[in-house]
Number of protein chains: 2
Amino acid sequence: MSSRSADPLTLEVVELIGTVVARYHEEYEHAAAQHSLTGAQARVLNVLALEPMPMRRIARTLRCEPSNVTGIVDRLEARGLVERRPDPSDRRVKLAAPTDEGRATAGRLRDALDFAREPLAGLSVAERTLLRDLLRRMLGEPGA
Amino acid sequence: MSSRSADPLTLEVVELIGTVVARYHEEYEHAAAQHSLTGAQARVLNVLALEPMPMRRIARTLRCEPSNVTGIVDRLEARGLVERRPDPSDRRVKLAAPTDEGRATAGRLRDALDFAREPLAGLSVAERTLLRDLLRRMLGEPGA
DNA sequence: TATTGTTATACTCTATAACTATA
DNA sequence: TATAGTTATAGAGTATAACAATA
């Protein structure tokens, strides 16, 4: 069970991916902080910018407990970035939706995520296509 | 400043990287939880398994405040995975080092990180080499 | 009865500032 | 005076369990 992958090439790729993950996180937190948001708040705002949804579904999307979402949406709502609306078809449900300002913030947030964009500019279209296909296969995605 | 990268290919690669990051984190937290460790505790244990070091340097390595490290090492020490030793050359310094059990746990932890290893097994050596070079260039590393 | 969202609780991580013991 | 580590404090995220309203 131990030291299963002595292969140096594979280990290097694993380490490179670790570096990508670390850098991605730094950039994400930094971009969020520039708007005085925490990472968790930025993630919730981002999923809501794509599509308003019930509290419960936010939790499933972010893979956390529903009780956490209550607090995060509370803080976003207190800052006027998100609002809670009733669901006409089920009075138990509350739909969380971004305000206009919330949508604007989400947009600026995404623009700030230069991490993958700028480095990618150094790769040719053929190379980016190659990278896309390799990542797809690594993730076991359809079309790989 | 807005919507700088309309290029669909680049956007897809960015999204794939986001997926890699999310999956990597899940696997990491899961592996840590299997040993009743938090992600932060697992990260500290891992860097110490490579090389014992002063508290201050752990903080620099993990890019957090030194005061945080105190608590994390406290908890690792309470569980017998890490110990604090005096530094003979400077009595202000405390060197954090893994115990035998800490080293063993770190080893098992790394084995559990199948994320990048198993999917990578589906790629040929040539493809892994290609992926390595693309990631290197993306990260602006030497040898790219 | 089951589900949605919330509250209450407890723990960890995080940064800031102040403290101590060394240097 | 400067540095290493710690403590005190406060805010945020997290999971668990219990709760009210609704289905």
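Every chain is numbered from 1 and lettered A, B, ... according to where its sequence line falls, protein lines coming before strand lines. Quantities reported herein were computed from a predicted structural model and do not represent experimental measurements.
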Take the protein atom [atom1] of [X] and the nucleotide atom [atom2] of [N], then report the distance between them rounded to whole Å.
X: A:I58; N: C:dG5; atom1: CD1; atom2: C1'; value: 11 Å
X: B:H30; N: D:dT14; atom1: NE2; atom2: P; value: 17 Å
X: B:K94; N: D:dA4; atom1: NZ; atom2: C1'; value: 9 Å
X: B:E65; N: D:dG11; atom1: CD; atom2: P; value: 18 Å
X: B:R57; N: D:dT3; atom1: CZ; atom2: P; value: 18 Å
X: B:D74; N: D:dA8; atom1: CG; atom2: P; value: 12 Å
X: B:N68; N: C:dC11; atom1: CG; atom2: P; value: 19 Å
X: A:R60; N: C:dG5; atom1: CZ; atom2: C1'; value: 13 Å

key: Single-linkage hydrophobic cluster A:L81~A:Y28, side-chain heavy atoms < 4.5 angstrom   =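 No: no chain of side-chain contacts under 4.5 Å links A:L81 to A:Y28.
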
request  = May I ask you to verify whether the side chain of B:S67 and the base of C:dT14 hold a donor-acceptor pair under 3.5 Å?
outcome  = no

ask   = So which one's nearest nucleotide on DNA chain D is more toward 5', B:P66 or A:R63?
value = B:P66

message = Looking at A:E12 and B:R128, is there a salt bridge between them, counting it only when a charged N and a carboxylate O are closer than 4.0 Å?
response = no

ask   = Using 4.0 Å as the upper bound for N to carboxylate O, is an ion pair formed by A:R57 and A:E51?
value = yes

Non-hydrogen atoms of A:L109 and A:A42 that approach each other most closely = CD2-CB, 3.5 Å

I want to check something: taking the side chain as every heavy atom from C-beta on, are [X] and [Y] in contact at a cut-off of under 4.5 Å?
X: A:I58; Y: A:V44; result: yes
X: A:I72; Y: A:T38; result: no
X: A:H35; Y: A:Q41; result: no

Nearest to side-chain heavy atoms of [X], which nucleotide of [options]:
X: A:C64; options: C:dA15, D:dT6, D:dA15; answer: D:dA15
X: B:I72; options: C:dT14, C:dT7, D:dG5; answer: C:dT14
X: B:T70; options: C:dT6, D:dG5, D:dA12; answer: D:dG5

ask   = Which residues, if any, of residues 80-93 of chain A bring a heavy atom under 4.0 Å of DNA chain C?
value =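 The answer is A:R84, A:R92, A:V93.
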
